[in-house]
Amino acid sequence: MTEALTGEAPRLAAVNSLMAAIADTGRDARRGGYSRPVYSSAELELREWFVAEATSRGLAVERDANGVIWAWWDLPARHDDAAAGADPRAGALVTGSHLDSVPGGGPFDGPLGVASALAAFDVLAAREAAGTLARRRAFAIAVFPEEEGSAFGVACLGSRLITGAIDPVRALNLKDERGTTFAEASRAIGLDPDAMGRDELALSRIGDFVELHVEQGRGLNTEEYTDAAGRGPAVAVASSILGHGRWRLSFTGQGNHAGTTLMTDRADPMIAASQAVLAIRSTGAAQPGARATVGRLEPVPGGTNVIASRVDLWMDVRHADDAVTAALVTQIHEQAQRIAALEGCGVELTEESLSATVHFDASLTRALAASTARTIPGAPALATGAGHDAGVLAAEVPTGMLFVRNPSGISHSPEEYVEDDDATAGTAALADALEDLL
Ligand code: GLV
Ligand code: MN
Ligand code: MN
C-alpha cells in the first residue's frame with residue numbers, strides 16, 4: 001500500500017464510526033432493528049446529525065422545497081461565471097441516499113450511502129488539499145426523504161417530487177397510518193407544501209448521481225463470484241433495477257359479531273384476503289423472475305371478536321419486463337374478484353405506485369466499473385430487485401450505483417449486515433469513482 005493510501009485508511013474507515021454514531025437512533029424495541037419513518041423524531045434526528053456532520057466539514061447545507069437536504073462543496077467563485085449569471089452548481093456531481101427506514105429495518109439501507117458519502121468527501125477534500133485532485137465541477141451530498149414509502153405509501157417520494165414523477169397534489173394528500181397528510185407532515189417541519197413539485201433548478205444541478213447502497217440480496221455471494229473461502233468481492237456496480245409497483249386490494253364484506261354470526265352466514269373479507277395472499281404467492285412463483293409479496297394487511301375495524309367489514313391488503317409485484325408485471329397484476333386482480341365473490345365479498349384494486357425497470361446510464365456505469373476495478377479487481381455488475389432514488393432520478397439525469405456486500409443477503413430486516421472492511425472498501429471505491437468524475 002502506498003503512503004498516500006495508508007494515510008487515507010482512517011478517513012475511509014470513518015464510514016464505520018459515522019454509522020456507529022447513529023446506531024442508537026430509531027431502534028424499534030418491538031419489531032427489532034430500526035423504525036425511522038420519514039419526518040418522525042428518529043428520522044429528523046438523523047437529518048440533524050447529517051446537517052451537523054456536513055456543516056462541520058465546511059459544506060454549505062440547504063433544504064429544498066421538496067425536503068431534500070443538499071450539502072454543497074462548491075468550486076471557488078469564478079468572476080466570469082458570476083458576470084455571465086451562470087449557476088456555478090450546474091451539472092454538479094451528486095452522491096447520497098436516504099435516512100428513513102422500513103418498519104423494523106436494518107441499519108445500512110440508506111444510511112450507508114450517506115455515511116460513505118461523508119467519508120468519501122473527507123478523502124476527496126484531503127486529495128484536493130494535497131494537490132492531487134483538481135475539480136472541474138461542484139459536488140454535493142443529497143439526502144432524500146421517504147425513500148421507503150413506509151409512512152406515506154409511495155416509495156422515493158422526494159425524488160419523485162423533484163422529477164415530477166408524482167403529481168404534487170397527489171403526494172400532498174397521501175396519508176400515514178394516523179391520517180396525517182404528507183402536506184401536514186411537511187408543514188410541521190417547516191416546508192411549504194405549495195412550493196413542492198418538479199424542481200428544474202435542482203435537476204439542472206445534478207450532472208451525475210451516484211448512490212452507494214448495501215446489497216439487498218446474495219448477488220455478491222453467489223458461486224460465480226466467491227473465492228475458495230466462499231467470500232465474494234466487497235463491491236459491485238449496479239446494472240439495473242427491476243420494475244416494481246405497489247397495489248392495494250380492498251376486500252369488503254359484512255362486519256358482524258364473532259359469536260352470534262353462524263359460519264354459514266358470513267361475508268368475511270378476512271377469508272377472501274387470506275386466500276388472495278396464497279393466490280398472489282402462487283401467481284408470483286409461477287412466473288420466472290417475478291416477485292410478488294404481501295407484507296401488510298389491515299383489517300377494519302380490527303377486533304378479535306369482530307368479523308371485519310373491510311380488509312386492505314398491500315401487494316408489491318416486481319419483474320424485469322414491465323409488461324409481465326402488468327399482466328401479473330391483472331391476473332391477480334381477476335383471481336381476487338373470483339375469490340371475493342365466492343365469499344360474498346367485493347374487491348377493489350388501486351395502483352399506489354409503479355416504477356418501470358431502469359437500466360443505469362451506460363457511460364456512468366462504465367466509469368464506475370473502471371474506478372472500482374482499481375481497488376476491487378473483478379467487481380461484478382449486478383442487477384437489483386430493490387428500488388432506489390437513483391432509479392427515479394435516472395429518468396432525468398445519468399445515475400449509477402455501487403453495492404456493498406451483504407453476507408447473508410438479508411435486508412429490510414434487523415439482520416441486514418455489512419462488515420466494516422467491506423464498508424471501508426465501498427467507501428474507497430466511491431471516493432475513487434467520485435474523483436474520476438469530478
Ligand atoms: C425499497 O427498498 C424497495 O425496494 O421497496
Ligand atoms: Mn435504500
Ligand atoms: Mn429499502
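Positions are given from 1 along the sequence. We count ligands from 1, going down the list as the structure has it; atoms in each ligand are counted the same way.
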A386: numbered ligand 1 atoms lying under 4.0 Å from its heavy atoms: 4 (O)

The one among H98, R318, Q216 that brings a heavy atom closest to atom 3 (C) of ligand 1: R318

Beyond-backbone contact of H388 with C156, side-chain heavy atoms, under 4.5 angstrom: no

Pairwise distance CD1(I271) to CD1(I339) - rounded to 0.5 angstrom: 12.0 Å

Electrostatic pair R170-D167, nearest N-O below 4.0 angstrom: no

Can you give the donor-acceptor pairs under 3.5 Å from side chains of residues 430-438 to other protein atoms, not counting sequence neighbours?
residue	atom	partner	partner atom	Å
D432	OD1	R127	NH1	3.2
D432	OD1	R127	NH2	3.1
E435	OE1	R127	NH1	2.4
D436	OD1	R374	NH2	3.4
D436	OD2	S371	OG	2.8
D436	OD2	R374	NH1	2.9
D436	OD2	R374	NH2	3.4

Backbone of A90 reached by a side-chain donor or acceptor of S204 within 3.5 Å: no

R36/E43 under salt bridge (Lys or Arg N to Asp or Glu O under 4.0 Å): CA gap, chis, key distance, verdict: CA-CA 5 Å; R36 298 160 166 170; E43 202 246 6; over 6 Å; no

Ion pair D422/R405, N-O distance below 4.0 Å: yes

Region of H388 engaging ligand 1 - heavy atom pairs below 4.0 Å: neither

Protein residue, atom and distance nearest to atom 4 (O) of ligand 1, heavy-atom basis: G387 N, 2.7 Å

For the Mn ion (ligand 2): protein N/O/S atoms at distances below 2.8 Å: 3

Closest contact, heavy atoms only, E416 versus S411: OE2-OG, 2.6 Å

Atom 1 (C) of ligand 1: the protein heavy-atom neighbour that sits closest, reported with distance to 0.1 Å: E148 OE1, 3.3 Å

Part of H412 within contact of ligand 1 (heavy atoms, under 4.0 Å): side chain

Polar proximity ligand 1 side, E147 side, N/O cut 3.5 Å exclusive: no

D316-ligand 1 polar pair, N/O distance under 3.5 Å: no

Side chain proximity check, R291 to D316, heavy atoms < 4.5 angstrom: no

Among the N, O or S atoms of H412, the one nearest the Mn ion (ligand 3): NE2

Charged tip of R205 within 45° of W72 ring normal and under 6.0 Å: yes

